[in-house]
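Each ligand, and each atom within it, is numbered from 1 in the order the structure gives. We count residues from 1, following the sequence as given.
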Amino acid sequence: MKILVTGGAGFIGSNFIHWWLTRHPQDQIINFDKLTYAGNLENLKDIATSPNYIFVKGDITDGRKVKEAIDGIDVVVNFAAESHVDRSILDPAPFITTNVVGTQVLLDAALDAQVKRFHHISTDEVFGALTLESKEKFSEQTPYRPNSPYAASKAASDHLVRAYHKTYGLPITITNCSNNFGPYQYPEKLISLTITNLLEGKKVPVYGDGLYVRDWLYVEDHCAAIDLVLQKGQVGETYCIGIDSDIENIEVIKKILKILNKPESMIEYVKDRPGHDRRYAIDSTKIKKELGWKPQYSFDEALVATVDWYRGHRSWWQKLKKGDFEKYYQEQYKKR
Ligand code: NAD
Ligand code: TYD
């Protein structure tokens, strides 16, 4: 089988390529990635010369380049996206261009190439926010109510993917996943930023009261879920993925402080994110019951493994926190 992975040089995409080639060595992967600030070929250097892996530098909004890359492809897995909420608040435009227009360009090319499956990677953020008081969780039936420009752009892309199935019969599947963490995550998200800041001796910025709740999923468990959906998922269906490990941001940070043996004085409360979603939680009954997915890692053990990974890969993340990142950091965390 020939798989076109878009955005494969990013965090989840590169973990997925490793996952897939280890378990399906007979398949061929073409990694199509623009290499934005978040794309990093170092994530894949161990397989760069493998006969069943090819890298193509390209932008998913570039119809001609996409058409070339998709020729002869059986399955598309679309990870390519602008993925950080805070950056979408600073500047929404690239989110619309890549996440919405790029997805439409890919869908057109996938139709022309008559691929057997177009799998779209999405997020639980399309569903909006839950309150702390309610026991409610997001499921495949939850109406879309995105709150950030990032979430709105992902919601639009999900709608397009579904529409191409209904209108043109494109064989699609969609997964809406909770927050991921693990190796190769760009050091701008809560867990990767917290670990790397602490390893650099810097404070950890906590937005607002720190009582926002997320359901953190280890990236390898996400890859296992995507693998199952590609093999056993029903065409036209959506699957929600999460592990019921709902936890407040401040508790996540305290756990990391404990693992690294650092004092709570390293916590710095900063101005809140505008439109900040209070709580996300996922009901993943469908993928568990229908496809037999089960997470393999508890939050605590995966967190220890992730801290160990960042401790052992300083040269990977230290250079990412220089140059443009410093400018972004100053802009994002400036005292207001
Ligand atoms: P990431 O930001 O680490 O990586 C994104 C990748 O896409 C990068 O390699 C980048 O170079 C590439 N890319 C960006 N614009 C492109 C374009 N126009 N053309 C081609 N390539 C382009 O993101 P991630 O965290 O790995 O997320 C991957 C996917 O999973 C995204 O669609 C995201 O919405 C979704 N998702 C992420 C999470 C999470 O917690 N990280 C949770 C649920 C869903
Ligand atoms: P993030 O990792 O950006 O993921 P998302 O916004 O997609 O959920 O943020 C996770 C939570 O952590 C979210 O409630 C915002 C909060 N947060 C902070 O408190 N400080 C930070 O520096 C960052 C990046 C996030």
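- Closest to atom 2 (O) of ligand 2, if we only count protein heavy atoms, is L190 N, 2.8 Å.
- Residue-ligand proximity, N179 to ligand 1, at heavy-atom distances under 4.0 Å covers atoms 40 (O).
- Enclosure of atom CZ in R23 by more than 12 non-hydrogen atoms of other residues, nucleotides or ligands within 6.0 angstrom is indicated.
- The shortest N/O to N/O separation between R273 and ligand 2 falls below 3.5 Å.
- Counting protein heavy atoms only, atom 12 (O) of ligand 2 is closest to N249 ND2, 3.3 Å.
- Under the 4.5 Å side-chain heavy-atom criterion for Ile, Leu, Val, Met, Phe, Trp and Tyr, V235 and I226 are members of distinct hydrophobic clusters.
- With ligand atoms numbered from 1 in the order given, ligand 2 contributes 3 (O) to contacts under 4.0 Å with heavy atoms of H84.
- Not a single N or O atom of Y280, backbone or side chain, sits closer than 3.5 Å to an N or O atom of ligand 2.
- For D71, the CG atom counts as loosely surrounded, since its 6.0 Å shell holds 12 or fewer non-hydrogen atoms of other residues, nucleotides or ligands.
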Q: Go through the steps to decide whether Y207 and Y212 satisfy the test ring pair (Phe, Tyr, Trp, His ring centres under 6.0 Å), and finish with yes or no.
A: CA-CA 9 Å; Y207 297 156; Y212 293 86; 8.4 Å; no
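- Summary of contacts: the protein heavy atom closest to atom 1 (P) of ligand 1 is S83 OG, 3.6 Å.
- Under a cut-off of 6.0 angstrom, the local environment of CG in N261 is sparse, with at most 12 non-hydrogen atoms contributed by other residues, nucleotides or ligands.
- The distance criterion of under 3.5 Å between nitrogen or oxygen atoms is not met by E188 with respect to ligand 2.
- Remark: K254 engages I250, E251, E264, I267 in a side chain to side chain contact (heavy atoms under 4.5 Å, CB included) (not counting sequence neighbours).
- In terms of heavy atoms, I121 sits closest to K154 at O-NZ, 2.9 Å.
- If you check which protein heavy atom lies closest to atom 8 (C) of ligand 1, you get D33 OD2, 3.6 Å.
- Q114 CD: 12 or fewer foreign heavy atoms inside a 6.0 Å radius.
- Distances from atom 39 (C) of ligand 1 to the heavy atoms of I191, N180, T61 put N180 nearest.
- Residues L4 and V66 share a single hydrophobic cluster, defined by chaining ILVMFWY side chains whose heavy atoms lie under 4.5 Å apart.
- Ranking protein heavy atoms by distance to atom 4 (O) of ligand 1, first place goes to G10 CA, 3.4 Å.
- Partner of V213 under the side-chain contact (heavy atoms from CB on, under 4.5 Å) criterion, chosen from L132, I247, L130: L132.
- For R162, the CZ atom is loosely surrounded, since the number of other residues' heavy atoms within 6.0 Å does not exceed 12.
- At least one N/O-N/O distance between H276 and ligand 2 falls below 3.5 Å.
- Of the protein's heavy atoms, I12 CD1, 3.7 Å lies nearest to atom 41 (N) of ligand 1.
- The side chain of Y150, and not its backbone, has at least one atom closer than 4.0 Å to an atom of ligand 1 (non-hydrogen atoms only; side chain from C-beta on).
- Pairing each heavy atom of F118 with each of L170, the nearest pair is CB-CD2, 4.0 Å.
- No N or O atom of V206 sits closer than 3.5 Å to an N or O atom of ligand 2.
- For the side-chain contact (heavy atoms from CB on, under 4.5 Å) test with V229, the passing option among H119, E290, Q234 is H119; the others fail.
- If you number the atoms of ligand 1 from 1 as listed, the ones under 4.0 Å from a heavy atom of F79 come out as 28 (C), 29 (C), 31 (C), 32 (O).
- Among all protein heavy atoms, the one lying closest to atom 4 (O) of ligand 2 is N179 ND2, 3.2 Å.
- For K34, a nitrogen or oxygen atom sits less than 3.5 Å from a nitrogen or oxygen atom of ligand 1, counting backbone and side chain alike.
- H120 and S157 are linked by a side-chain donor-acceptor pair at a separation below 3.5 angstrom, with hydrogens and angles left out of the test.
- Considering only non-hydrogen atoms, atom 14 (C) of ligand 1 lies nearest to A81 out of G58, A80, A81, G8.
- The protein non-hydrogen atom at the shortest distance from atom 25 (C) of ligand 2 is Y207 CE1, 3.6 Å.
- When the options W317, Y37, W316, Y328 are evaluated for a ring-ring contact (aromatic ring centres under 6.0 Å, His included) with Y186, the one that passes is Y37.
- The T36 neighbourhood of ligand 1 comprises atoms 10 (C), 11 (O), 14 (C), 15 (N), with distances under 4.0 Å to a heavy atom of that residue.
- Under a 4.0 Å criterion applied to the non-hydrogen atoms of S178, ligand 1 contributes the atoms 42 (C), 43 (C).
- Listed by number with element, the atoms of ligand 2 under 4.0 Å from a non-hydrogen atom of Y212 are 14 (O).
- When each atom of ligand 1 is checked for a heavy atom of G7 under 4.0 Å away, the hits are 6 (C), 7 (O), 9 (O), 12 (C).
- Listed by number with element, the atoms of ligand 2 under 4.0 Å from a non-hydrogen atom of L193 are 22 (O).
- When the options Y310, F299, W309, F11 are evaluated for a ring-ring contact (aromatic ring centres under 6.0 Å, His included) with F181, the one that passes is F299.
- Atoms of ligand 2 lying under 4.0 Å from at least one heavy atom of E125, given by number and element, are 5 (P), 7 (O), 8 (O).
- Listed by number with element, the atoms of ligand 2 under 4.0 angstrom from any heavy atom of Y333 are 21 (C), 22 (O), 23 (C), 24 (C).
- Checked by distance only, ligand 2 and R214 come closer than 3.5 Å through their nitrogen or oxygen atoms.
- Ring-centre distance between H222 and F16: not below the 6.0 Å cut-off.
- Counting only non-hydrogen atoms, the option in I121, T97, N176, N15 that gets closest to atom 35 (C) of ligand 1 is I121.
- When every heavy atom of E125 is checked against every heavy atom of A151, the shortest pair comes out as O-CB, 3.4 Å.
- For A224, the side chain to side chain contact (heavy atoms under 4.5 Å, CB included) partners at least two apart in sequence or on another chain are W19, W293.
- Below 4.0 Å from some heavy atom of P205 lie the following atoms of ligand 2, by number and element: 18 (C), 19 (O), 20 (N), 21 (C), 22 (O).
- Those atoms of ligand 2 that come under 4.0 Å of a heavy atom in K189, given as number and element, are 2 (O).
- Interface atoms of ligand 1 facing S122, defined by a heavy-atom separation under 4.0 Å, are 43 (C), 44 (C).
- By the rule that hydrophobic residues join a cluster once side-chain heavy atoms approach within less than 4.5 Å of another member, I70 and V101 end up as members of one cluster.
- Checking D244, T285, T142 one by one against K137, the side-chain hydrogen bond (donor to acceptor under 3.5 Å, both in side chains) holds for a single residue, D244.
- In summary, the atoms of ligand 1 found under 4.0 Å from a heavy atom of L35, numbered by their order in the structure, are 11 (O).
- Between V85 and ligand 2, no pair of N/O atoms sits closer than 3.5 Å.
- Residue contacts with ligand 1, taken as heavy atom pairs separated by less than 4.0 Å, involve K154 solely via side-chain atoms from C-beta onward.
- Listed by number with element, the atoms of ligand 1 under 4.0 Å from a non-hydrogen atom of A9 are 9 (O).
- Looking at F11 next to ligand 1, an N or O pair under 3.5 Å apart turns up.
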